[in-house]
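As structure tokens, the structure follows; a few thoughts come after it.
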2 protein chains.
Amino acid sequence: MIEVSLVTGYTMKTIGKIAKELNLSVETIRFYEREGIIQQPQKPLNGYRLYDDSISKQLQFICKAKALGFSLKEVSSLMSMDSNCSQVESLGLQKLNIIQNKISDLQRLEKVIKEMTNSCQSNNDQANCPLIDSLKWS
Amino acid sequence: MIEVSLVTGYTMKTIGKIAKELNLSVETIRFYEREGIIQQPQKPLNGYRLYDDSISKQLQFICKAKALGFSLKEVSSLMSMDSNCSQVESLGLQKLNIIQNKISDLQRLEKVIKEMTNSCQSNNDQANCPLIDSLKWS
DNA sequence: ATAAACTCTGTACATGGGTACAGAGTCAAG
DNA sequence: CTTGACTCTGTACCCATGTACAGAGTTTAT
């Protein structure tokens, strides 16, 4: 089933096609629709969803924003803010802040674990593990 | 109800006491027990859990290991490996690796989002948000 | 003696982001 | 025409890590 719009000459795609194209699962796309993150697509008589380019672009938008660390709720916000730039900027800055905090948390952890594993490496005492010990007593 | 061991002179604590001491919730402690992460505590006739210092230390161990980014399952492993230092080290190195990967992922994101929000800031066009645009087309 | 505060077990719910059916209908290829 | 591949709706389930409650029993404080 391939439908071509008379107006735009555009090919509409079934859910399976678009899923394969965007490397998403069919279930995931239906899930996004259920959650109101993408629009409802057209449904001809047979009830099959048919996607045009605009919904496909929405899906790509979601994928990219998710890759930047935005949650689905935030993606939703972003899409509805559309072009209120200062709102978008503030959400971006907020996300930036969270990311930077995460980074420094992780760097602190990295340091601690590095020290611990180093002390394991230079450990000759079979009966005691310095990593475990530091968790026990530090 | 305070119980004092005749042998060690040790005070046993009820779940509420130990929860307050370790800043955990009572439910969480019971949850750890259900999941087999901590030992079953003694239960006298009234059925109340009574905790001695050893279980308290197990709980502290869990809190610290969790703070280092170990999952409960991993904490469990760590506790049962006890002092097999090379096993512990390998789990630590694995965790270190994950942490380092996360850090570099996040740093990449940081860079992208920074650029995006910067372009928002220098944007005068009310009708277009560069952050949104780059998600749309990049 | 009584009320507040604590504990017990067992079960259900929460979160986020999906995944996995079952059972029925539809479409495309040979 | 049949078979396989696709789609539909609706619902239940997954993961980890807890949280929340109901209904009953116990302890402690006044």
Side-chain angles (χ1 to χ4, degrees), chain A residues 1-4 11-38 40-52 55 58-59 61-79 95 98 102, chain B residues 1-4 11-38 40-52 55 58-59 61-79 95 98 102:
Chain A
M1 185 182 60
I2 294 177
E3 297 224 345
V4 179
T11 18
M12 309 288 278
K13 292 160 192 154
T14 57
I15 196 165
K17 294 259 165 56
I18 210 130
K20 184 163 280 180
E21 231 179 77
L22 302 182
N23 203 27
L24 291 169
S25 92
V26 166
E27 307 281 356
T28 299
I29 295 175
R30 286 200 277 245
F31 171 72
Y32 288 164
E33 184 188 325
R34 259 202 321 282
E35 299 289 302
I37 298 165
I38 56 170
Q40 302 264 134
Q42 276 184 46
K43 287 191 195 173
L45 283 180
N46 62 9
Y48 283 21
R49 291 167 179 79
L50 283 180
Y51 294 92
D52 61 12
I55 299 187
Q58 286 171 32
L59 285 166
F61 184 103
I62 294 167
C63 295
K64 281 174 199 154
K66 260 169 57 64
L68 290 178
F70 291 96
S71 70
L72 287 181
K73 229 173 237 167
E74 289 167 335
V75 176
S76 236
S77 297
L78 281 177
M79 292 173 82
K95 195 51 43 177
I98 289 171
K102 261 191 205 156
Chain B
M1 183 183 60
I2 294 176
E3 297 224 346
V4 177
T11 24
M12 308 289 275
K13 290 161 195 153
T14 57
I15 196 167
K17 294 261 165 54
I18 209 129
K20 185 163 281 180
E21 232 179 77
L22 303 181
N23 203 25
L24 291 169
S25 92
V26 166
E27 308 281 357
T28 298
I29 295 175
R30 285 199 278 245
F31 170 72
Y32 288 164
E33 183 188 326
R34 259 201 321 282
E35 300 290 302
I37 299 164
I38 56 172
Q40 303 264 132
Q42 277 185 46
K43 287 191 197 174
L45 285 180
N46 63 11
Y48 283 22
R49 289 165 179 80
L50 284 179
Y51 293 92
D52 61 11
I55 299 187
Q58 287 172 30
L59 285 167
F61 185 103
I62 294 168
C63 295
K64 281 173 198 151
K66 261 171 54 67
L68 290 176
F70 292 97
S71 71
L72 288 180
K73 226 171 239 169
E74 288 167 335
V75 175
S76 235
S77 298
L78 281 175
M79 292 172 82
K95 197 50 48 177
I98 289 170
K102 261 190 206 160

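Below, all heavy atoms of this structure are taken into account, side chains as well, without hydrogens, waters or symmetry copies. Every chain is numbered from 1 and lettered A, B, ... according to where its sequence line falls, protein lines coming before strand lines.
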Rounded to whole Å, the CG-C1' distance (B:L45 to D:dT27) equals 14 Å

inquiry  = Using a 4.0 Å heavy-atom cut-off, does B:K20 contact any base of the nucleic acid, only the sugar-phosphate backbone, or nothing at all?
reply    = nothing

Residues passing the side chain to side chain donor-acceptor pair (under 3.5 Å) test with A:E21, sequence neighbours excluded, are A:K13

Counting just side-chain N and O atoms, does B:T28 come under 4.0 Å of either OP1 or OP2 of D:dT19? yes

Note: B:V75 and B:A65 closest approach over all heavy atoms is CG2-CB, 3.8 Å

Anything under 3.5 Å between a protein N or O and an N or O of nucleotides 7-9 of chain C, put it in a table, one pair a line.
unit_1 : atom_1 : unit_2 : atom_2 : d
C:dT7  : OP1    : B:T14  : OG1    : 3.1
C:dT7  : OP1    : B:G16  : N      : 2.6
C:dC8  : OP1    : B:R49  : N      : 2.6
C:dC8  : OP1    : B:R49  : NH1    : 2.9
C:dC8  : OP2    : B:R30  : NH1    : 2.4
C:dC8  : OP2    : B:R49  : NH1    : 3.3
C:dC8  : O5'    : B:R49  : NH1    : 3.3
C:dT9  : OP1    : B:K43  : NZ     : 2.5
C:dT9  : OP2    : B:R49  : NH1    : 2.9
C:dT9  : OP2    : B:R49  : NH2    : 2.8

Closest non-hydrogen contact found for B:I29 with B:Y51 is CG2-OH, 3.5 Å

note: B:I37, atom CD1; D:dA16, atom C1'; distance rounded to Å ~ 10 Å

Check: Is there side-chain contact between B:E33 and B:P41, with heavy atoms separated by less than 4.5 Å?
Finding: yes

Residues passing the salt bridge (charged side-chain N to carboxylate O under 4.0 Å, His left out) test with A:E74, sequence neighbours excluded, are A:K95

Atom CZ of B:F70 and atom P of D:dA16 are separated, to the nearest Å, by 17 Å

note: B:F31, atom CZ; D:dC15, atom P; distance rounded to Å ~ 13 Å

| request: Evaluate the side-chain proximity of B:F31 to B:L72: yes if any heavy-atom separation is below 4.5 Å, no if none is. | output: yes

From OH of A:Y32 across to P of C:dG17 the rounded distance in Å is 8 Å

Taken to the nearest whole Å, CD1/A:I18 to P/D:dC6 is 16 Å

B:K73 NZ to D:dC14 P, in whole Å, measures 13 Å

Separation of C:dC27 atom P from A:K13 atom NZ, nearest Å, is 20 Å

